[in-house]
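The block underneath contains the structure these notes are about, expressed in structure tokens.
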Amino acid sequence: SVAAEVEKRAGTFQPQGLCMLLWAFASFHRLAQNQSSSSSWLGSRASVQWVDAICSHLLPRVCDDSLASPGLVSILWSLGSLQHSPSPALKAALEETLQTRLTAAAPLHPQGLANLLWAAAVLDHRGLPEGYWRGLEVQALRNVGRFNQAALCNLLWSLTLLDRFSSPLLQ
């Protein structure tokens with residue numbers, strides 16, 4: 001099967017390829033849910049183990065900073081779409097890397113910022129460090145004029161779900 005082949009070769013994939021695999025699986029999962037598919041593999045223990053295996057290959061790539069910001073956003077969007085909580089090690093690595101990138105001078109794309117907030121809301125990451133939120137809010141405030149309608153809606157929905165009512169974005 002494709003899943004078995006991917007699992008066998010995942011260790012040889014480049015960082016972006018691993019992100020794309022996780023994204024493709026999350027997209028497949030979302031489409032199957034929307035079409036009320038009765039795939040026996042989706043939601044099974046095997047599919048959860050498959051996602052965990054991909055994430056275990058992503059962890060060193062996140063830690064060694066070999067993923068571009070869109071790849072990091074893609075990982076979180078995918079995990080949010082799958083409603084799959086990352087391992088504590090991957091969660092900590094993603095948070096630390098993103099916090100560093102959010103405080104950097106180079107801005108993330110507005111859709112990336114909206115996707116980060118959406119994923120944090122779906123995965124119920126209210127307990128993220130305050131520095132993470134400050135970095136995200138500063139980036140979003142700098143770029144709010146570039147957000148399209150959908151990104152603005154995701155931003156508002158996410159902040160509400162995350163109980164960020166005192167966010168400068170809502171002032």
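No experiment lies behind these values; they were computed from the predicted model shown. Residue indices begin at 1 and follow the sequence shown.
Counting only heavy atoms from C-beta outward, the side chains of Val51 and Leu79 approach each other to under 4.5 Å. Contact check for Leu58 versus Cys19: side-chain heavy atoms found under the 4.5 Å cut-off. In this structure the side chain of Leu72 reaches within 4.5 angstrom of the side chain of Val62, judged on heavy atoms. Within the 4.5 Å cutoff, no side-chain heavy atoms of Phe25 are placed close to those of Ser81. At least one side-chain heavy atom of Leu152 sits less than 4.5 Å from a side-chain heavy atom of Val144. At least one side-chain heavy atom of Leu113 sits less than 4.5 Å from a side-chain heavy atom of Phe147. Phe165 has its side chain within reach of Thr160: a pair of non-hydrogen atoms, C-beta onward, lies under 4.5 Å apart.
Put simply, CG on Leu21 and CD1 on Ile54 are 5.0 Å apart, with the number rounded to the nearest 0.5 Å. In this structure, the separation between CD1 on Ile75 and CG on Leu22 is 7.0 Å, given to the nearest 0.5 Å. Distance check: Asn154 CG to Leu116 CG gives 11.5 Å after rounding to the nearest 0.5 Å. Note that the CD atom of Glu95 and the CG atom of Leu76 stand 9.0 Å from one another [nearest 0.5 Å]. In this structure, CD in Glu137 is found 9.5 Å from CG in Leu155, a value given to the nearest 0.5 Å.
Asp52 pairs by the side-chain hydrogen bond (donor to acceptor under 3.5 Å, both in side chains) definition with His84, not counting sequence neighbours. Evaluation of the side-chain hydrogen bond (donor to acceptor under 3.5 Å, both in side chains) rule for Ser87 yields no partner, not counting sequence neighbours. Shown here are the side chain to side chain contact (heavy atoms under 4.5 Å, CB included) partners of Cys63, two or more places apart in sequence or in another chain: Leu59, Ala93. For Ser158, there are no side-chain hydrogen bond (donor to acceptor under 3.5 Å, both in side chains) partners at least two apart in sequence or on another chain. When the side-chain hydrogen bond (donor to acceptor under 3.5 Å, both in side chains) test is applied to Gln111, the partners found at least two apart in sequence or on another chain are Asn115.
A continuous path of hydrophobic side-chain contacts links Val73 to Leu162 [ILVMFWY only; heavy atoms under 4.5 Å]. Residues Met20 and Phe13 fall into different hydrophobic clusters, defined by Ile, Leu, Val, Met, Phe, Trp and Tyr side chains chained together at heavy-atom separations under 4.5 Å. In this structure, Val138 is not a member of the same hydrophobic cluster as Leu170, with clusters built from ILVMFWY side-chain heavy atoms closer than 4.5 Å.
For residues 67-80, no pair satisfies salt bridge (Lys or Arg N to Asp or Glu O under 4.0 Å), with sequence neighbours left out.
Atom CD of Gln149 sits in a sparse spot, with 12 or fewer heavy atoms from other residues, nucleotides or ligands closer than 6.0 Å.
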